[in-house]
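Given the structure is predicted, the values throughout are model-derived calculations rather than measurements.
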Amino acid sequence: TEQEQDQEQDAVRATKEMFSKVTDYVQSEMLASSEDYKLLESMNRKAAQKYSEMADTSKHVIDDLATLHEKYKTLEPCFAQIDQVEASVSEL
């Protein structure tokens, strides 16, 4: 009958609309997940860059400390002489 055909067409239309909306929803969810992964990837790259910079800075600090240590070793005899002079002056 005509009423059954109308109901069938309404059901087909509603089903198509439902699948269209479900498809839109799933695509939106996938896009959001994709954007989240892109953000994480960007954050990871930035963090890796910062850690690399920190490693370079640490290396320079270590090198500078080694240089200062060598200079201190070189000046250590002078410090000993200064201490001796100071002790002599204190005795006077």
Determine whether a donor-acceptor pair (N or O, by modelled atom type, separation under 3.5 Å) exists between the side chain of Ser90 and the backbone of Glu86. yes
When rounded to the nearest 0.5 angstrom, what distance separates CG in Asp56 from OG in Ser52? 5.0 Å
Residues at least two apart in sequence or cross-chain that pass side-chain hydrogen bond (donor to acceptor under 3.5 Å, both in side chains) with Asn44, listed by chain then number, are none
Electrostatic pair Glu41:Arg45 at N-O distance under 4.0 angstrom: yes
Within a radius of less than 6.0 Å around OH of Tyr51, do more than 12 heavy atoms belonging to other residues, nucleotides or ligands occur? no
Please round to the nearest 0.5 Å and tell me the distance separating atom CG of Asp10 and atom CD of Gln3. 10.5 Å
Any side chain to side chain donor-acceptor pair (under 3.5 Å) pairs touching residues 62-74, not counting sequence neighbours? Lys59-Asp63
How far does OG1 of Thr1 sit from CD of Glu8, to the nearest 0.5 angstrom? 10.5 Å
Between Asp24 and Lys21, is there a side-chain N and carboxylate O pair less than 4.0 Å apart? no
Under 3.5 Å, is there a donor-acceptor pair between the side chain of Thr57 and the main chain of Glu53? yes
Do you reckon Met18 sits in the same ILVMFWY cluster as Val26, going by side-chain contacts under 4.5 Å, direct or chained? yes
Is it true that a side-chain atom of Ser58 and a backbone atom of Met54 form a donor plus acceptor pair closer than 3.5 Å? yes
What pairs meet the ring pair (Phe, Tyr, Trp, His ring centres under 6.0 Å) rule with one or both residues in residues 10-39, with sequence neighbours excluded? none
Met30 with Val22, same ILVMFWY side-chain cluster at under 4.5 Å: yes
